[in-house]
Each structure stands twice: as structure tokens, then as C-alpha cells.
**Student:** 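Just dropping this structure here.
Letters A, B, ... are given to chains in the order of the sequence lines, protein chains preceding strands, and every chain is numbered from 1.
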2 protein chains.
Amino acid sequence: MNLSALRQDFILHFGEMGSRWGINRTVGQVYALLFLADDPLCADDIVAALGFSRSNVSMALKELQSWNLVRLRHKTDDRREFFTTPDDLWEIVRTLIDQRRKREIDPTLTKLRELSMTTPDAADAAAHARIAELRELIEQMTRFHDDLARFETERLVALLNMGAKLGRLVDGAGRLIPIRRTKT
Amino acid sequence: MNLSALRQDFILHFGEMGSRWGINRTVGQVYALLFLADDPLCADDIVAALGFSRSNVSMALKELQSWNLVRLRHKTDDRREFFTTPDDLWEIVRTLIDQRRKREIDPTLTKLRELSMTTPDAADAAAHARIAELRELIEQMTRFHDDLARFETERLVALLNMGAKLGRLVDGAGRLIPIRRTKT
DNA sequence: TATAGATTTCAGAAATTACTGAAATCACGG
DNA sequence: CCGTGATTTCAGTAATTTCTGAAATCTATA
């Protein structure tokens, strides 16, 4: 398979960015290829398009599945596995945020809770307090994320578009500005 | 310098998580050490505490400065450089978000804009549209981030604490629910 | 401008991570 | 349960990243 300049450019960029995003080049390129593909692709399609070894592609697909970033599809009378990315970009964003939280934040929160439980000696009092403060901040942010994660996409997008207007709900000291709802 | 069990545990955790956060073990441990330290530390303090080579610590500090995660301090009549982390955790969170955006998102946005400018041939029409859709979504999110970044911390925390209540501003279809403000 | 302490640079060693090809395993149709 | 094609595993190699020690550079002061 030979790729258009547009696809090549996009795919190479994702390969290069991979390391910054916590995935490797192969995984980045495979994802980019699937993201732009007009139809589901099987592992050998990916090998043909990108030139990685079959086993490397297999690993990359496994990794993408563990991130929940690709969907497995089957065609009738074909036992190969085909892969796609979700059409809905917001679904992809939600998945990315969920997964990064799970990998980058949750283990630290667990550790901070564990450390918060201990009783520090005098020399560690300030450090212990700082750990507790960090734990509380992360708990606050994850609670907020849990709240937002329950919203429908439309509601989320609407809030996003409000942007700076959201600031009018509270004053600079963080006090809620009382509002009264009119009938809709 | 020998570290308490509390500090050791915290520092080792940050070292291990480093790779997931896009920094290396040394940088992670140096940051954790500074984060808990009661007073500013100089490079040799860090060498004594963590056992890395002097040059490695120098690199790590340079890296942390490039992330804007540490502050440089001087003591009178001492020409060594001392380092601290900001006391305000929200300042740290803002820095982390800014820096990750700069490293992980902005280069991709630039690339997507570049690719959006091209005129695709027929076979790339769908891929080009998908790239444009992704670009728009990222632009929307970064605009939102720009808006929020201007808020005072208190305002931000208040919004965070509103959590699910924010959903009441818009209905499930993303339409704004008209509100009328009462006098404060 | 010489010197002494502090910091940085850099080439190579060590450690880690990514990638491959071959062999093993799996899964379905006959 | 055998054969065929698809997929995964795994041991070894390649590539990359991290870390060190020595040398170079910087900077304040005498």
C-alpha cells in the first residue's frame, strides 16, 4: 500500500510525537493510520502501509487495545481481525483522559493516601502536611473529572464554548454569585 | 543526608512515575525531594540526598527549570544556587498544564493547521476532513484553556467545586438554560 | 587578572526500550 | 482431531535514553 503525502505527513508526525505522549513510534503511527483510514484495516494492511514487522504491529495493536483507543471489527467470511478508531472524536478525547488519569494519576493518588495515613515524626511534620495538601488537591480534581465524565457530549461542548463566561458564576474570591433561573 | 522513610517512599514513587510523566527517574526524584524540602537545596545537597552524580543533578535541575517547575534562590554571602518548588500547589498545576500543552499539543496543532491548508485529491477527501475536524476540536479545547487560565485561583477552585452543578447551566442538547442574575 | 569555588558540557558506559524473525499457540472448517 | 491461516510470544539484536567522570567554563573576589 502506498500512502498519499497527506497521510504520510500525519502518520510520521504521530510517530514522532509518540514518545512525548507515552507511546512508541510504532503505536503512534499505527494509530494515525487507523485514524485516517476510510475502512477498517487488518494487521497485514498495517504492515503493508507502514513497513513494521508483523510482530511489532501485533504488539502495537495490543497496546492500542489496552488503551481502549481502537475497536475490533470482523467481516463476514473472513477470520482476520480488522481495526478502526471511533468516529466520534469526543469519545476519543474521553478515552484519552480516562486512560491517562488511570496511568498517570491514580497510582500516585493511591500512594499519597497511603503516606497520608502514617503518623509523621516532628521532622516530617511539614512534609507530611504538604503530601496531604497535594492529595486533597488531586482528589478535588478527580472528583471534578468524575462529575464532568457523566455529562452528555453536547452539554460538555456547550460548557466548553461558554469559556470565559463561566467566570461570571463566581466572584474573584470564589463566592458563588446568586443566580435565579427563569422559566425555559 | 539521610532521608526519613516518608520522604524516601515519596521520592522513589516520583522516580518510578517519571517515565509515565515524560521525565526521567533523576528529574522525578529531584523534583520530589525539592517538593518536600523544608528549605531551599543546592545541587550538592541533592547529590548527598539522592546519590546521583553531580552532572546528572545539574542536568535534572536544568530540565526542571525548562519546565518552569523550580525556582532559583540565592542566599547572602553564598554563591551557590538554591532551588525550591512554589508553595502554591495551584501554581504548580497551572505550570504543568501549560507545559504539557506546549510540548504535547501545540506542535500537533501546528501540524494539523498546516495539513488543513492543503487541497486534498479525491482519495484523501475524507482523511482531510477528519484532520480538519480534529484541528477544530483541539482549537476549541485550547481556547477554553486560554479562557480558564486567566481566572484567579479562587474562581477556578469555586468552579471546580461546583462540579456536577455546572451541568444545570445547559440542557442535554447543549442549549443554554436562560438564567437571570439577582443583585448581589 | 589570578584563583578558587560552582556549574556545565560532553564523550563514552550502562541501562532501558523498541523491534525483528522464528517458533508456538490459537481458532475455525473440514 | 487434522490442516490452514491468523495471531501471539519470546529470545536476541538494534536503537535510544540515561547516567557518569573528567575536562571545560563560568563568576565573584582579591
**Student:** Do the side-chain N or O atoms of A/K62 get closer than 4.0 angstrom to the phosphate oxygens (OP1, OP2) of D/dT7?
**Tutor:**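 Checking A/K62 against D/dT7: no side-chain N or O falls below 4.0 Å of OP1 or OP2.
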**Student:** Picking from C/dT9, C/dC19, C/dT8, which would you name as closest to the side chain of A/T26?
**Tutor:**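 Selected nucleotide: C/dC19.
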**Student:** Would you kindly give the CG-to-P distance between B/N56 and C/dC10, to the nearest whole Å?
**Tutor:**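 So the two atoms are 16 Å apart, to the nearest Å.
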**Student:** Closest approach of B/D38 and A/A127, non-hydrogen atoms and distance?
**Tutor:**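 What the structure gives for the nearest pair is OD1-N, 4.4 Å.
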**Student:** Taking atom C1' of C/dA18 as reference, at what distance in whole Å does atom CD of A/Q29 sit?
**Tutor:**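 In whole Å, C/dA18 C1' lies 13 Å from A/Q29 CD.
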**Student:** Grab the CZ-C1' distance between A/F83 and D/dT7 for me, whole Å please.
**Tutor:**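 Taking CZ of A/F83 and C1' of D/dT7, I get 9 Å after rounding.
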**Student:** Find the distance A/H74:NE2 to D/dG5:P and express it as a whole number of Å.
**Tutor:**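 Those two atoms, NE2 and P, are 17 Å apart.
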**Student:** By the 4.0 Å heavy-atom rule, please label A/R79 as base, sugar-phosphate, or nothing.
**Tutor:**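 Here A/R79 touches the bases of the nucleic acid.
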**Student:** Would you say A/R73 has more than 12 foreign heavy atoms packed within less than 6.0 Å of its CZ?
**Tutor:**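 Incorrect, the count does not exceed 12.
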**Student:** Rounded to the Å, how far apart are B/F52 CZ and C/dT7 P?
**Tutor:**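 Distance, rounded to whole Å: 18 Å.
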**Student:** Fit a plane to each ring of A/F35 and A/F10, take the angle between them on a 0 to 90° scale, and name the class: parallel (under 30°), tilted (30 to 60°) or perpendicular (over 60°).
**Tutor:**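 Rings of A/F35 and A/F10: parallel, under 30°.
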**Student:** Which of the following nucleotides, C/dG21, D/dT7, C/dT9, is nearest to the side chain of A/A43?
**Tutor:**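 Nucleotide nearest to A/A43's side chain: D/dT7.
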**Student:** Measure from the side-chain heavy atoms of B/S55 and tell me the nearest of C/dT20, C/dT7, D/dG21.
**Tutor:**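 Among the listed nucleotides, the one closest to the side chain of B/S55 is D/dG21.
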**Student:** Across the strands shown, which category fits A/N24 at heavy-atom distances under 4.0 angstrom: base, sugar-phosphate, nothing?
**Tutor:**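 Answer is sugar-phosphate: A/N24 comes under 4.0 Å of backbone atoms only.
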**Student:** Between A/S58 and B/R25, just flag the one whose closest nucleotide in DNA chain D comes earlier from the 5' side.
**Tutor:**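 Here A/S58 is the residue nearer the 5' end.
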**Student:** Does C/dG5 have its OP1 or OP2 closer than 4.0 Å to a side-chain nitrogen or oxygen of B/R80?
**Tutor:**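 No, because none of the side-chain N or O atoms of B/R80 sits under 4.0 Å from OP1 or OP2 of C/dG5.
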**Student:** Grab the two heavy atoms, one from B/R71 and one from B/P86, that are nearest each other, plus how far apart they are.
**Tutor:**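 In this case the closest contact between B/R71 and B/P86 is NH2-CG, 3.9 Å.
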**Student:** Between atom CZ in A/R54 and atom C1' in C/dT25, what is the gap in whole Å?
**Tutor:**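 My rounded result for the distance is 13 Å.
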**Student:** Could you state the CG-P distance from A/L61 to C/dC19, rounded to the nearest angstrom?
**Tutor:**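 Rounded to the whole Å, the gap is 13 Å.
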**Student:** Determine the minimum heavy-atom distance between A/N68 and A/T95, stating which atoms define it.
**Tutor:**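 Closest pair (atom of A/N68, atom of A/T95, distance): O-CG2, 3.4 Å.
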**Student:** Indicate, with a heavy-atom threshold strictly under 4.0 Å, whether A/S19 touches base, sugar-phosphate, or nothing.
**Tutor:**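 No contact.
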**Student:** What is the distance from CZ of A/R20 to P of C/dT17, rounded to the nearest Å?
**Tutor:**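 Answer to the nearest Å: 19 Å.
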